[in-house]
Amino acid sequence: VSDIISILSFISIIIGGVFALIKWNKDKKLKRAEYMQSLIDKIENDNSSGFYIIEYNYDWYDASFHDNKELENKIDYTLSYFNYICYLKMRRIITKNEFLFFEYQIKRIFHNPGVQNYFYNLYHFSLHVDSPMSFPNLFKYGKKHKLFDKLFWDKEAYKKNSKYSHILNF
């Protein structure tokens, strides 16, 4: 009788453990979904974001950009946010499928002429002062996916193509 009770207790513990594991896994998926939703909501509902300035190709990067702190903060906030998303992807904190939620916005960012010019200036300035570039993970994504043209890497490109300008001191 005691053997039967021991076996039944053991089976009950295993069944309870399986149910606990199933619940834990379901809770983990729910938390992950909530986290992803918070990441998506942040960029879509945040008034401090400059994403729409970028998405609709407004002409925003010129010599006055760094004097307009409101605009610079909005653009930098947006680029920092997507830099963070690229960091999460690089560290495998978000999956490839989860990253798809942001890929449209990231590609729109890189297709914006102002972003291309801004990154051109940041890249060559960082080389000139021998310091890390701003938005390194976003920049690495663009480089890895060949989202910069060949002239981008040329320090003198601003003399050859009006797409680039020499705004920062490099």
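When reading the values below, keep in mind they use all heavy atoms of this one structure, side chains included, and skip hydrogens, waters and symmetry mates.
Side-chain atoms of Asn25 and Leu21, non-hydrogen and from C-beta on, never get closer than 4.5 Å to each other. No side-chain heavy atom of Leu151 sits less than 4.5 Å from a side-chain heavy atom of Lys163. For the pair Asn112/Ile53, no side-chain contact is recorded, criterion being any heavy-atom separation below 4.5 Å from C-beta on. Residues Tyr81 and Leu39 are in side-chain contact: their nearest non-hydrogen atoms beyond the backbone lie under 4.5 Å apart. Within the 4.5 Å cutoff, the side chain of Phe125 has no heavy atoms near those of the Ile167 side chain. Contact of the Phe82 side chain with the Phe110 side chain is not registered, since no non-hydrogen atoms from C-beta on lie closer than 4.5 Å. The shortest side-chain heavy-atom distance between Tyr35 and Ser38 falls under the 4.5 Å cut-off. No side-chain heavy atom of Tyr120 sits under 4.5 Å from any side-chain heavy atom of Asp154.
Checked against a 6.0 Å centroid threshold, the rings of Phe148 and Phe139 count as neighbours. The aromatic ring centroids of Phe119 and Tyr61 lie 6.0 Å or more from each other.
Atoms OG and CD1, from Ser80 and Ile85 in turn, are 12.0 Å apart once rounded to the nearest 0.5 Å. Note that the CG atom of Asn57 and the OH atom of Tyr52 stand 14.5 Å from one another [nearest 0.5 Å]. Interatomic distance, CG of Leu8 versus CD1 of Ile13, reported as 11.0 Å (0.5 Å rounding). Taking CZ of Phe170 as the start and CG of Leu122 as the end, the distance is 10.0 Å to the nearest 0.5 Å. Once rounded to the nearest 0.5 Å, the distance linking CE of Met36 with CG of Leu88 reads 8.5 Å. Taking CE of Met90 as the start and CD1 of Ile93 as the end, the distance is 8.5 Å to the nearest 0.5 Å.
Scanning both residues, His66 and Leu168, for their nearest heavy atoms gives NE2-CD2, 3.6 Å. Asp62 and Ser64 make their closest contact through OD1-OG, 2.6 Å (heavy atoms, listed as atom of the first residue, atom of the second, distance).
Comment: Asp27 engages Lys23 in a salt bridge, judged by a side-chain N to carboxylate O separation of less than 4.0 angstrom. Using a 4.0 Å cut-off between charged nitrogen and carboxylate oxygen, Lys69 and Glu72 count as a salt-bridge pair.
Side-chain heavy atoms closer than 4.5 Å link hydrophobic residues (I, L, V, M, F, W, Y) into clusters, and following such links, even through other members, never connects Ile14 to Ile4. Both Ile15 and Ile7 are assigned to one and the same hydrophobic cluster, defined by single-linkage of ILVMFWY side chains at heavy-atom distances under 4.5 Å.
Under the 3.5 Å distance criterion, the side-chain polar atoms of Tyr164 are left unmatched by any main-chain donor or acceptor of Glu156.
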Task: Check against side chain to side chain contact (heavy atoms under 4.5 Å, CB included), Phe152 and Lys143 - done: CA-CA 10 Å; Phe152 179 91; Lys143 186 176 180 181; over 6 Å; no

Side-chain atoms of residues 96-108: list all donor-acceptor pairs with protein atoms under 3.5 Å, sequence neighbours left out, distances to 0.1 Å.
residue : atom : partner : partner atom : Å
Glu98   : OE1  : Arg32   : NE           : 3.4
Glu98   : OE1  : Arg32   : NH2          : 2.9
Glu98   : OE1  : Thr95   : N            : 2.8
Glu98   : OE1  : Thr95   : OG1          : 3.4
Glu98   : OE2  : Arg32   : NE           : 2.7
Glu103  : OE2  : Tyr141  : OH           : 3.1
Tyr104  : OH   : Glu55   : OE2          : 2.6
Arg108  : NH2  : Glu55   : O            : 2.3

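Judged as a side chain to side chain donor-acceptor pair (under 3.5 Å), the pairs with a partner in residues 121-137 (not counting sequence neighbours) are, in order, Asn117-Asn121.
The aromatic rings of Tyr84 and Tyr87 lie parallel to each other, with less than 30° between the two planes, well short of the 60° mark.
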